[in-house]
Amino acid sequence: RGKRAFIAGVADDNGYGWAIAKALASAGAEILLGTWVPALNIFETSLRRGKFDESRKLPNGSLMEITKVYPLDAVYDTPEDVPEDVKANKRYAGASNWTVKEVAESVKNDFGSIDILVHSLANGPEVTKPLLETSRRGYLAAISASSYSFVSLLQHFLPIMNPGGATVSLTYIASERTIPGYGGGMSSAKAALESDTMVLAFEAGRKGKIRVNTISAGPLGSRAAKAIGFIEKMIDYSYSNAPLQKELLADEVGSVAAFLASPLASAVTGSVVYVDNGLNTMGLAV
Ligand code: NAD
């Protein structure tokens with residue numbers, strides 16, 4: 001039987017989530033996506049109109065099939081958590097069952113179980129502010145969207161994950177080294193995500209024989225990264241200073257995610273795996 005993957009955090013064809021979906025599809029997995037509610041309409045319309053057909057092409061020439069796209073807002077666990085103004089917002093009112101608990105229930109009703117859970121989402125409303133100028137609200141929002149969202153997803157999906165399954169999330173080296181400009185508590189959020197990877201690997205390993213790993217990825221000019229404001233500078237810095245002087249392709253992160261989700265990585269859990277052309281190993285820019 002082929003594996004089934006749920007990938008949270010795909011809303012266009014530029015980011016890591018899309019590349020991971022392609023790598024998993026290429027390895028024979030069935031693809032389910034979780035798309036942020038405010039981005040759902042444009043994503044589905046673009047998909048339907050064939051705007052992504054070129055980037056849906058897999059190495060064997062076929063097009064990636066997306067079995068179903070679920071609306072998701074990973075900062076809300078249950079309908080009771082959703083504030084009135086969000087409920088009333090017309091982008092949200094047009095969709096339903098998009099809290100984490102409801103999405104897991106829908107996937108269960110539609111397909112029964114999954115094998116692979118991917119978390120490829122982050123949000124920090126004050127990311128452009130230095131940590132020293134970040135509000136409590138902004139900091140907690142970054143943690144909620146970028147770290148607790150993974151705890152919540154695993155909490156709700158674990159009961160429908162087949163033993164032997166795996167999860168992968170995306171982190172960034174700003175958790176362990178200072179990256180000026182990656183602000184708003186996003187560096188804190190990535191540190192939490194990495195620590196949680198270790199603790200959840202233990203808990204989900206014991207409870208459901210599920211592996212939990214995270215990929216510390218190098219810079220990519222995704223939509224989310226462009227919002228931070230200095231992604232081109234980071235890409236240039238990486239190109240100049242990394243051991244491997246080449247562009248980092250989203251597909252290279254996709255391949256490692258597919259490896260981590262596969263039986264080839266059956267003894268790998270609780271790990272932070274660097275996919276960054278080796279930049280993390282450098283101690284001096286040359
Ligand atoms: P992206 O824009 O493709 O992905 C981020 C996604 O998160 C978007 O689809 C967005 O709609 C979604 N999202 C935001 N808030 C959400 C919410 N509350 N509920 C559900 N979805 C929500 O950008 P990306 O850079 O590929 O980001 C994917 C992951 O990779 C993130 O965790 C990011 O921190 C990480 N990462 C990115 C880089 C980089 O340079 N781009 C480097 C290291 C790690």
Side-chain angles (χ1 to χ4, degrees), residues 6-22 33-43 46 52 55 69-77 81-82 86 91-92 95 98-100 102-103 118-125 127 141-150 152-153 168-177 179 181-182 184-194 197 214-238 247-254 256-257 272-277 279-280:
F6 181 85
I7 301 146
V10 179
D12 60 40
D13 59 349
N14 293 319
Y16 283 134
W18 177 269
I20 293 169
K22 280 179 72 174
L33 300 181
T35 299
W36 196 26
V37 186
L40 180 74
N41 237 325
I42 173 137
F43 180 64
S46 304
F52 300 136
S55 43
V69 179
Y70 294 86
L72 167 71
D73 194 320
V75 305
Y76 305 113
D77 304 311
D81 297 330
V82 184
V86 174
R91 289 191 296 180
Y92 281 82
W98 40 259
T99 66
V100 176
E102 292 170 291
V103 175
V118 177
H119 175 282
S120 182
L121 64 98
N123 200 6
V127 66
I143 295 273
S144 173
S146 315
S147 319
Y148 189 78
S149 55
F150 179 64
S152 179
L153 277 165
V168 179
S169 67
L170 274 300
T171 186
Y172 183 52
I173 195 168
S175 59
E176 44 173 333
R177 298 278 185 270
I179 306 285
Y182 195 77
M186 278 306 299
S187 55
S188 331
K190 292 305 192 189
L193 181 67
E194 290 174 26
T197 296
T214 189
I215 292 175
S216 186
L220 173 78
S222 65
R223 188 186 171 115
K226 284 180 180 142
I228 306 172
F230 64 110
I231 186 69
E232 294 310 329
K233 197 177 133 195
M234 291 158 86
I235 291 171
D236 290 347
Y237 180 90
S238 177
E247 186 188 354
L248 175 66
L249 303 175
D251 288 342
E252 295 177 295
V253 168
V256 175
V272 179
V273 178
Y274 296 91
V275 184
D276 64 349
N277 284 327
L279 184 63
N280 73 91

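Counting starts at 1 for both ligands and their atoms, following the listed order. All heavy atoms count here, side chains included; hydrogens, waters and symmetry mates do not. The chain is numbered in sequence order, starting from 1. Quick caveat: nothing in here was measured; it's all calculated off a predicted structure.
The shortest distance between side-chain heavy atoms of I179 and I173 falls below 4.5 Å. A heavy-atom distance below 4.5 Å is found between the side chains of Y182 and I228. A 4.5 Å side-chain heavy-atom check between L40 and W98 finds every atom pair outside the cut-off.
Under a 4.0 Å criterion applied to the non-hydrogen atoms of G218, ligand 1 contributes the atoms 40 (O), 42 (C). Counting atoms of ligand 1 from 1 in the listed order, those under 4.0 Å from a heavy atom of A217 are 42 (C), 43 (C). Ligand-side atoms of ligand 1 in range of A225: 41 (N), range being under 4.0 angstrom from any heavy atom. Here is the list of ligand 1 atoms found below 4.0 Å of a heavy atom in I231: 40 (O). Numbered from 1 in the order shown, with element, the atoms of ligand 1 that lie under 4.0 Å from a heavy atom of T171 read 43 (C), 44 (C). Residue contact check: P219 has heavy atoms under 4.0 Å from atoms 40 (O) of ligand 1. In summary, the atoms of ligand 1 found under 4.0 Å from a heavy atom of N123, numbered by their order in the structure, are 15 (N). Near G15, with a cut-off below 4.0 Å to any heavy atom, the atoms of ligand 1 are 3 (O), 26 (O).
The nearest pair of heavy atoms linking K226 to G221 is NZ-O, 3.2 Å. The two residues V100 and A74 make their nearest non-hydrogen contact at CG2-CA, 3.8 Å. A174 and S187 make their closest contact through O-CB, 3.4 Å (heavy atoms, listed as atom of the first residue, atom of the second, distance). Residue L193 comes nearest to T197 through the heavy atom pair O-OG1, 2.7 Å, listed as atom of the first residue, atom of the second, then distance.
Considering Y76, W36, W98 only, the shortest heavy-atom separation from atom 20 (C) of ligand 1 involves W36.
Of the protein's non-hydrogen atoms, Y16 CE1, 3.6 Å is the one closest to atom 38 (C) of ligand 1. Nearest to atom 40 (O) of ligand 1 among the protein's heavy atoms is L220 N, 2.8 Å. The protein heavy-atom contact nearest to atom 12 (C) of ligand 1 is L121 CB, 4.0 Å. In this structure, the protein non-hydrogen atom closest to atom 33 (C) of ligand 1 is K190 NZ, 3.8 Å. If you check which protein heavy atom lies closest to atom 8 (C) of ligand 1, you get G9 O, 4.3 Å. The protein non-hydrogen atom at the shortest distance from atom 30 (O) of ligand 1 is L170 CB, 3.3 Å. Looking only at heavy atoms of the protein, atom 14 (C) of ligand 1 is closest to A122 O, 3.6 Å. Distance from atom 24 (P) of ligand 1 to its nearest protein heavy atom, with residue and atom name: S222 OG, 3.3 Å.
Not a single donor-acceptor pair under 3.5 Å links the side chain of S216 to the backbone N or O of V273. For S120 (side chain) and G17 (main-chain N/O), a donor-acceptor pair under 3.5 Å exists by modelled atom type. Checked by atom type and distance alone, the side chain of S238 never pairs as donor or acceptor with a backbone atom of I235 at under 3.5 Å. Within the 3.5 Å criterion, the main-chain N or O of S169 finds a donor-acceptor partner in the side chain of T214.
Atom OG1 in T171 sits 3.5 Å away from atom CD in E194 (nearest 0.5 Å).
Of the polar atoms of A224, at least one N or O is found under 3.5 Å from an N or O of ligand 1, judged by distance alone. Any N or O atom pair closer than 3.5 Å counts here, and A74 shares at least one such pair with ligand 1.
Within a 6.0 Å sphere centred on CD1 of I42, heavy atoms belonging to other residues, nucleotides or ligands number 12 at most. The local environment of CG in N41 is sparse, with at most 12 non-hydrogen atoms from other residues, nucleotides or ligands closer than 6.0 Å.
Proximity of S146 to ligand 1 is not established, as no heavy-atom distance is less than 4.0 Å. Residue contact annotation: T35 has no non-hydrogen atom under 4.0 Å from ligand 1. Taking 4.0 Å as the cut-off, H119 does not count as a neighbour of ligand 1 on heavy-atom distance. Taking a 4.0 Å cut-off on heavy atoms, S120 registers as neighbouring ligand 1. The shortest separation from a heavy atom of L72 to ligand 1 is under 4.0 Å, placing the residue in contact.
Here D73 has heavy atoms under 4.0 Å from ligand 1 in both its backbone and its side chain. Residue-level proximity to ligand 1 for N14 is absent, since no heavy atom of it falls below 4.0 angstrom.
Taking the six-membered ring for Trp and thresholds of 30 and 60 degrees, F43 and F52 have ring planes inclined between 30 and 60 degrees apart.
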